[in-house]
A.B. asks: 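I am attaching a structure below and will ask some questions about it afterwards.
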Amino acid sequence: MTIQASPRACLFFAFGLAQAAIQARAAEQPRLTRGPYLQALQQDSVIILWETHLPSLGRVRYQLDGGPEIVVNETQPVLAHQVRLDRLPAGSFHLYQVLDGNNALHDNIFRFRTAPPSRSDPVKAVAFGDSGLGSPNQRDVGNLIRSLDPDLLLHMGDLSYTGSLDDVLFSAYPELLAQKAFYPARGNHDMHHDWRAYFPPPNENDDGRASYYSFDWGCAHFVCFDSNSDTLAQGGRQLKWVDEDLARAKTAGSRWLVLYCHEPPFTVGNYGEAPDVVNTQRKTRILIPPLADKHQIDLVISGHDHNYQRSHPVREDAIVDAWQSPEFISPGGTVYIVTGGGGVTLYREDPRADHRFTERFVFAHHAVSLSITPEKLSVEAISPALGRIDAFSIAKEGARPEYRFVRGDADSDGKVNLTDAIGILRHLFLGKSLECSSLSAVVADANASGRVAIDDAMHILNFLFLGGPAPASPFPECGKDTAADGLGCTPNGCR
Ligand SMILES: [Fe+2]
């Protein structure tokens, strides 16, 4: 059977459809397309951000845990929402929800804690970087970070390799970003994003850039450096601002100074020797260590090289107190960490790179946990696949240990073990530096022949596994060597 409609009926039907569409549109509620997430979380304030697919008049409903509900309304409809909450008590938990008018935009009630009230409060942070590809590895590192439950998330940059922050940042860590302080550094893959629109900074610098800033959190002062900014230059505004900021922080009594940025000053991975290491990489190598020396920065963290690395303590381009590793007491230099294993394809160690400053290199996805008290800064690098891949600590006070000379201890970790034999073989056959190559190889010269050769590695292996003779005197140790340098290298052995 065929039904034939008259032209008049068709017109009426089309009109009805259009009217229904208009009514449906009018009834359509704005829905969340991003967030909510926190920015610039401080002792007494926070900015809550979210995006809706239609312009809406946003509202934040919040309350101090157990306190009365407070509502903050936006004054005009927008897509990208930013609502600042002020006059919050320090170190306090708050509940919040974002709404369109009276309609909640999400079911969950989120919870955040403002920064702790005093400079003696502890800090629990996680540093990670180079995450943004949406890979299973990124998901695993994200799950690891959630399990660590930090107060602070420090991102070393390259938030997204896909061009979209929504795909690989905001949708990757929604509960973390809704409830934790998130302070990202800008990476070379992040340059096209409007940084201020996404990440309003906690304070302003001289040239109004949102991409470098600083903040206090408990007993630590953090400085986020923009290593991709054109203001990063000798005599440039950024360097001047950071220099003054660090001086202010020390005067104000900040116990620990932590600086972080994307490109690492020291690295032995993909960017250790590559010809395109050029400008940005060389700039951080040239400009950051003098700044760290001047202000006695405790820790510099960066990303960009997709692996984990830890340097010896470095001061004035020389290694100091490396022999104290992994439990440093008042080391004379700054430790540099590379944490670029947040999710993207890993980079291997480059044998052509300058390895003098590198204590540890691990090819693994990971995140770095920082636990800081006024007395001690403890660092643990954790891989979802491998577990703990590094751990060390820096104490501010206490008697500095004396260097104990142990012949055969080629890596100066205080004992003769398999890693010493491996270190000697890597030196002989792969061209790796020995810890003490800058002065003398007397430590690695296990059989006291006057030179380092394969015999020394064999001597150690024979001693460890076949009951052979111990390394020559001085062994197992002879106490402090006054001629030893910061690495524990000595031209003469014990005196
Ligand atoms: Fe990068």
Side-chain angles (χ1 to χ4, degrees), residues 126-135 137-138 141-142 145 153-165 167-170 172-173 182-195 198-199 209-213 223-233 238 259-289 299-311 336-350 352-354 358 361-368 381 383:
V126 165
F128 63 117
D130 305 83
S131 56
L133 203 57
S135 66
N137 290 316
Q138 181 183 1
V141 173
I145 295 169
L153 299 167
L154 309 175
H155 199 293
M156 299 302 121
D158 284 358
L159 304 168
S160 168
Y161 295 83
T162 66
S164 164
L165 292 170
D167 292 349
V168 293
L169 176 73
F170 295 112
Y173 319 103
F182 180 64
Y183 285 107
R186 190 167 67 151
N188 53 307
H189 288 273
D190 303 323
M191 298 300 285
H192 57 288
H193 300 302
D194 180 346
W195 209 250
Y198 283 108
F199 309 112
R209 306 263 181 125
S211 58
Y212 64 93
Y213 53 83
V223 177
C224 177
F225 210 81
D226 183 358
S227 50
N228 282 284
S229 168
D230 55 5
T231 61
L232 178 57
Q238 180 176 191
L259 183 147
Y260 63 99
C261 64
H262 185 61
E263 276 87 352
F266 298 98
T267 184
V268 295
N270 200 51
Y271 298 106
E273 191 57 34
D276 65 349
V277 171
V278 289
N279 307 321
T280 305
Q281 188 82 39
R282 290 209 176 121
K283 277 201 287 187
T284 60
R285 176 69 180 87
I286 292 166
L287 299 175
I288 290 182
L299 196 62
V300 172
I301 315 174
S302 46
H304 195 46
D305 223 326
H306 302 169
N307 41 58
Y308 172 78
Q309 300 176 50
R310 167 166 58 104
S311 81
Y336 295 76
I337 287 176
V338 176
T339 173
V344 293
T345 308
L346 296 170
Y347 294 154
R348 294 195 179 278
E349 194 171 1
D350 185 341
R352 299 168 301 165
D354 180 355
T358 305
F361 179 102
V362 184
F363 180 85
H365 291 102
H366 69 279
V368 173
S383 158

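We count ligands from 1, going down the list as the structure has it; atoms in each ligand are counted the same way. Keep in mind the model is a prediction, meaning the values are calculated, not measured.
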A.B. asks: According to the interplanar angle, ranging from 0 to 90°, do the rings of H306 and Y347 count as parallel (below 30°), tilted (30 to 60°) or perpendicular (above 60°)?
C.D. replies: parallel
A.B. asks: Tell me whether the rings of H304 and Y271 are parallel (<30°), tilted (30 to 60°) or perpendicular (>60°).
C.D. replies: parallel
A.B. asks: Is it true that a side-chain atom of Q138 and a backbone atom of V168 form a donor plus acceptor pair closer than 3.5 Å?
C.D. replies: yes
A.B. asks: Is the ring pair F170/F199 parallel, tilted or perpendicular, if the boundaries are 30 and 60 degrees?
C.D. replies: parallel
A.B. asks: Using the ring centroid of each side chain, check whether F128 and H155 are separated by less than 6.0 Å.
C.D. replies: yes
A.B. asks: So which protein N/O/S atoms does the Fe ion (ligand 1) have within less than 2.8 Å?
C.D. replies: D158 OD2, N188 OD1, H262 NE2, H304 ND1
A.B. asks: Verify the distance criterion only: is there a donor paired with an acceptor across the side chains of S164 and T162 at less than 3.5 Å?
C.D. replies: no
